[in-house]
*Asks:* 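I have a structure I would like to understand better, so I am pasting it below and will then ask my questions one at a time.
Every value quoted in this text rests on a predicted model; they were computed, and no experiment measured them. Below, chains carry the letters A, B, ... as their sequence lines are ordered, and counting in each starts from 1.
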Amino acid sequence: MKSIKHAIATAVAEHTGFPAADIVNLIEYPPNPELGDLALPCFQFAKQLRKNPALIASELADKLAGIDGIGNANAQGGYLNLTLERSTYALSIVDRALQSVHDLFSEERGTGHTVAVDYSAPNIAKPFGVGHLRSTIIGQAIVRLMREDGYRVEGVNHLGDWGTQFGKNIAAYLKWGDEETVRKNPVRELFKLYVRFHEEAREHPELEDEGRYWFKQLEEGHEQANRLWRWFIDESLRAFQETYKTLGVEFDHYLGESFYNDKMDAIVDELRAKGLLVEDDGAEVVDLSAYDMPPCIIKKSDGTSIYATRDLAAADYRHRVLGADTLVYVVGAEQKLHFQQVFKVLELLGRDYAKRCTHVAFGLMKFNGERLSTRRGHVVYLEDVLNKAIEEAKRIIQEKNPNLADQDGVARSVGVGAVIFNDLKTYRIHEVDFRYEDVLNFDGETGPYVQYTHARACSVLRKAGTDAQPLNWPTQVQPDDVEWALILRLAQAGEALARAVDEFDPSVMARYVLHVCHAFNRFYHNNPILQADDPLRAARLALTQATRNVIAKALYLIGLDAPQEM
RNA sequence: GCGUCCGUAGCUUAGUGGAUAGAGCGCUGGCCUCCGGAGCCAGAGGUCGGGGGUUCGAAUCCCUCCGGACGCGCCA
C-alpha cells in the first residue's frame, strides 16, 4: 500500500507543488467502497493554487490515470478518488503474504535501535491480581510489535522486591507469622499478613515506624531481615513463573529494584557533584520548581533510598549495560508525574537518551466499578480469572467440537486468548472495568472470534491438501468486491504495525486483525473455495492462505496462540 | 485548590481537521441437503457531556462550564 501511495503523492506533488511527504498523509480510504479504493481531499490545495477544489481534483484525475497500477481516477466534490488495478495488486499482496508475511507487516524501521521495555513488574509477596494483567500483556505485545519492526528489544521485569513494603512484610511476619503456615501457601499467607498489618496500622500508627525500621535494617544488611526477604522472593517468583507460562509471557531480564542497591550511590554522587541535590526537611531532593513540578526525592530523611533513585540507576543500567537508546515504561497512568520527574532529572544529568524515554501509561483496572486495592486485600486473582476463562472455553469445545484432539491445550489457548484480547482491544489509556460477563463472552469482537477465523481458514487449507503446493493469485482472475475488500485489508498490515509501534498501542493491531477476520468471514460465506473451478479455486485458496498467515502473525504480535483447530 | 487524563447508541467503544459518525455486546428478524453457525446478513437505537469561538469544513483545534478518574515530598 505504501508504494502505491508514494507514486500517487509524487505525481500530485509535481502538479501542485506541495511536498510529497505531506501528501502521502492526506491520502485516505473512502467511506464507501463504491467511491474508489483511495481518496485525496483537494481542499488544502485550493487556497495556494487559487482554484476551486473540484477543478483541482479533476485536473489531478487526468494526470494520475496513467500511473502504473491505477485503474481509474475521477473527481467527485473536491475529492480525487482512485481505483486500483485489482488483479495486479492482488498478486503483489497475496504473493508477499505467502512468501514472507513479515515483509507485509514490517519495513524494519527500528533497525539500529535497541529499546528496553519495562513491563509487568509485580510486587513480591503479593498476589498477581488482574491489576497486573495490563502492564504484563501490553508490555509483551509492545515487545513483539517493536521486534517485528526491526528493533532490538530487551524486555525487563522490574520486580518490586525492595522498599518500605518489605519492612512491613518482615514486621508483620515476625509479629504474627508462622513458618509452617507460610510454607504451605506462601503468597497467600504473606499477603494476609500484609493486609493485617495495614488494618492494625490504622489503629496503631506506630506500626508504620516499625515497618520503616525493618526496611532500614534490610538496607543495612541485617541478617535475619535479609534471610526472610530472600525467602519471600524465592517463593513469589515461583508463583509468578506459573502465571507467565500460562500467559505466554517472557522476559529477557529479571532485574528487581534490589538489583540497583549498589548502583544508586553513583547517581547520588553525580547529582551532588553537579549541584542538583538540595536538602529539604532532612531529605535530599532535586528541585524541579523551574519546570512546574514538585521536587524529586532522592534520599528520604532517614537516609534510605526511594523508588525514584532506583529508577534513575535502572535507566543508566539499561542504557550502559543493555545498550538501550530508547527506554519504554509500561506502568499505570497514576505514576505519570513520577516519570515526568525522573525523565527531567535524567535530562538535567545530561543523559542524551532522556528524550527517548516514554512512559506508556494505561488506565486503572476496576472490578465491578470498584478500585482494586492490594493494601485493603481487595484483589481479583489473575489465576482465578484465567481458570474461569479456560473452563468456559472447554465447555464450548465440548458442546461444539467434542471430537477435537488436545481439548485441554486448545481450551487454554482460547480461554487465555479471550482474557488477553479483551484487555488489548481497547485504547490503553481508558479505564477498564473488569466484568466476567464480557470476558467470558466469546462472540463478536473477541480473541476467540479471531482464533476461530484462523482455525476455519486452516480447515479449508487442510481439506484442499495444498499445503505443500506453491499457491498464488492467478493474474487472469479479477477479484470480485468481497475478495477485493479482503485483499485491501491485508494490504494495510504495514500501516497497522507502524501505527501500533509509533503509539505504543497494541489495540491498533487488535482492531486491525478484527477487520481482517470480518472481511475473511464475509468472503468465506459468499464465495465457495473448494468447489470452485480452477483458476478461481487456486485464487481463493491462495487468498485463504494469505489471510491465515496474516491472522497468525497478528495474533502472535499481540500475544495470542493461533490453534489450527478449536 | 492546582495539574493531568477521560466524556461518542442501554453497555463497551472506533474515528483526533474532510464525504451520509463506524463497530461489538444486548434486543428484533433472516441465513446450515453447501468448505467449521465461536459465523454471515438485515433492523431498531446517536443533541459525538453543555455553551461559545477558529475554519471552506469540527466528534476532532481554542476558550468556558458540567460530570468522572488519577496525581500533587519522604509508598511504588
Side-chain angles (χ1 to χ4, degrees), chain A residues 26 28 30-32 35 39 41-44 46-47 52-53 76-79 81 121 123 158 160 162-165 168 208 211-212 215 257 280-285 292-302 304 306-308 310-311 331-338 340-341 361 363-364 366 371 375 393 396-397 399-401 414 418 422 425-427 429-433 435 437-438 441-453 455-464 507 511 514-515 517-518 520-532 540-541 544 565-566:
Chain A
L26 286 175
E28 55 188 47
N32 181 343
L35 293 168
C42 297
F43 309 96
Q44 307 241 348
K47 224 170 230 171
N52 79 62
Q76 236 175 99
Y79 283 86
N81 291 325
N123 292 318
H158 192 67
W162 202 247
T164 312
Q165 50 160 332
K168 296 177 183 176
E208 298 279 353
R212 277 190 282 271
F215 177 56
E257 296 183 69
D280 196 348
D281 271 344
E284 296 194 78
V285 308
D292 291 320
M293 279 188 264
C296 183
I297 297 180
I298 301 296
K299 276 208 158 192
K300 296 187 281 189
S301 43
D302 65 359
T304 58
I306 190 166
Y307 63 115
R310 288 189 280 278
D311 276 343
V331 179
E334 69 276 10
Q335 291 196 43
K336 187 167 186 180
L337 178 59
H338 163 70
Q340 284 175 340
Q341 292 175 303
L364 229 51
K366 303 201 170 187
R371 186 174 179 173
R375 283 189 184 191
I396 296 175
I397 288 168
E399 178 192 315
K400 308 199 175 197
N401 197 1
V414 174
N422 179 257
K425 75 176 174 197
T426 306
Y427 181 49
I429 210 77
H430 282 274
E431 272 181 20
V432 172
D433 189 6
R435 282 186 314 226
E437 53 176 304
D438 293 336
N441 183 352
F442 293 181
D443 297 331
E445 297 175 335
T446 66
Y449 167 74
V450 177
Q451 290 170 320
Y452 175 78
T453 308
R456 212 180 203 190
C458 288
S459 172
V460 173
L461 294 167
R462 204 166 38 241
K463 290 199 167 119
S507 73
R511 261 179 264 115
L514 282 173
H515 281 125
C517 289
H518 186 236
F520 177 78
N521 280 321
R522 200 189 161 95
F523 158 71
Y524 178 92
H525 184 263
N526 287 299
N527 301 20
I529 302 165
L530 297 174
Q531 293 102 314
R540 290 177 177 171
L541 274 173
T544 300
E565 296 178 69
M566 63 186 267

*Asks:* What is the nucleic acid contact for A:Q165, judged by heavy atoms within less than 4.0 Å: base, sugar-phosphate only, or nothing?
*Replies:* nothing
*Asks:* Does A:R511 place a side-chain N or O at less than 4.0 Å from the phosphate oxygens OP1/OP2 of B:G15?
*Replies:* yes
*Asks:* Using a 4.0 Å heavy-atom cut-off, does A:G163 contact any base of the nucleic acid, only the sugar-phosphate backbone, or nothing at all?
*Replies:*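 Here A:G163 touches the backbone only, sparing every base.
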*Asks:* Checking A:H515 side chain against A:R511 main chain: does a donor-acceptor pair fall under 3.5 Å?
*Replies:*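 Yes, A:H515 side chain to A:R511 backbone: donor-acceptor pair under 3.5 Å.
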*Asks:* Contact class for A:N526 vs. all strands (heavy atom < 4.0 Å): base, sugar-phosphate, or nothing?
*Replies:* nothing
*Asks:* How would you label the contact of A:A39 with the nucleic acid (heavy atoms, under 4.0 Å): base, sugar-phosphate, or nothing?
*Replies:*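 The answer is base, as A:A39 lies within the cut-off (heavy atoms under 4.0 Å) of a base atom.
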*Asks:* Counting only N and O atoms by type, is there a donor-acceptor contact under 3.5 Å from the side chain of A:E334 to the main-chain atoms of A:L364?
*Replies:*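 Side chain of A:E334 to backbone of A:L364: no pair is present.
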*Asks:* Describe the nucleic acid contact of A:M566 in one word from base, sugar-phosphate, nothing, applying a heavy-atom distance below 4.0 Å.
*Replies:* base
*Asks:* At under 4.0 Å between heavy atoms, what does A:E565 touch on the DNA or RNA strands: base, sugar-phosphate, or nothing?
*Replies:*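 Answer is base: heavy atoms of A:E565 come under 4.0 Å of a base.
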*Asks:* Could you tell me whether A:V414 contacts a base, only the sugar-phosphate backbone, or nothing, with contacts defined as non-hydrogen atoms closer than 4.0 Å?
*Replies:* base
*Asks:* Considering every strand and a 4.0 Å limit on heavy-atom distances, what is the contact class for A:I298: base, sugar-phosphate, or nothing?
*Replies:*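 A:I298: no heavy atom of the nucleic acid under 4.0 Å.
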*Asks:* Any base atoms under 4.0 Å from A:I306, or only sugar-phosphate, or nothing? Heavy atoms, all strands.
*Replies:* sugar-phosphate
*Asks:* Is the phosphate of B:U12 approached by A:T426 (side-chain N or O, under 4.0 Å from OP1 or OP2)?
*Replies:* no
*Asks:* Whole angstroms only, please: what is the CG-P distance between A:D433 and B:C11?
*Replies:*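 About 13 Å, once rounded to whole Å.
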*Asks:* Where the side chain of A:P294 is defined as all heavy atoms beyond and including C-beta, which of B:C40, B:C72, B:A69 is the nearest nucleotide?
*Replies:* B:C72
*Asks:* By the 4.0 Å heavy-atom rule, please label A:N527 as base, sugar-phosphate, or nothing.
*Replies:* base
*Asks:* What nucleic acid atoms does A:N32 come within less than 4.0 Å of, heavy atoms only: base, sugar-phosphate, or nothing?
*Replies:*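 The residue A:N32 makes base contact.
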*Asks:* Check this for me: does the side-chain of A:Y307 come within 3.5 Å of the base of B:A76 through a donor and an acceptor?
*Replies:* yes
*Asks:* Can you see if the side chain of A:H518 gets near the phosphate of B:C41 - specifically, an N or O under 4.0 Å from OP1 or OP2?
*Replies:* yes
*Asks:* Applying a 4.0 Å non-hydrogen cut-off, can you work out what A:L337 is touching in the nucleic acid: base, sugar-phosphate, or nothing?
*Replies:*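 Sugar-phosphate, backbone atoms only, no base.
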*Asks:* Figure out the OH/C1' separation between A:Y452 and B:C35, and round it to whole Å.
*Replies:* 11 Å
*Asks:* Ignoring hydrogens and angles, are the base of B:A38 and the side chain of A:N441 linked by a donor-acceptor pair under 3.5 Å?
*Replies:* no
*Asks:* Which part of the nucleic acid does A:H515 contact within heavy-atom distance under 4.0 Å: base, sugar-phosphate only, or nothing?
*Replies:* nothing
*Asks:* Indicate, with yes or no, if the rings of A:Y307 and A:W162 have centres closer together than 6.0 Å.
*Replies:* no
*Asks:* A:Y524 vs A:F520 aromatic rings, parallel, tilted or perpendicular, using cut-offs 30° and 60°?
*Replies:*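 Judged by the thresholds at 30° and 60°, the geometry between A:Y524 and A:F520 is tilted.
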*Asks:* With heavy atoms under 4.0 Å as the rule, sort A:T164 into base, sugar-phosphate or nothing.
*Replies:* sugar-phosphate
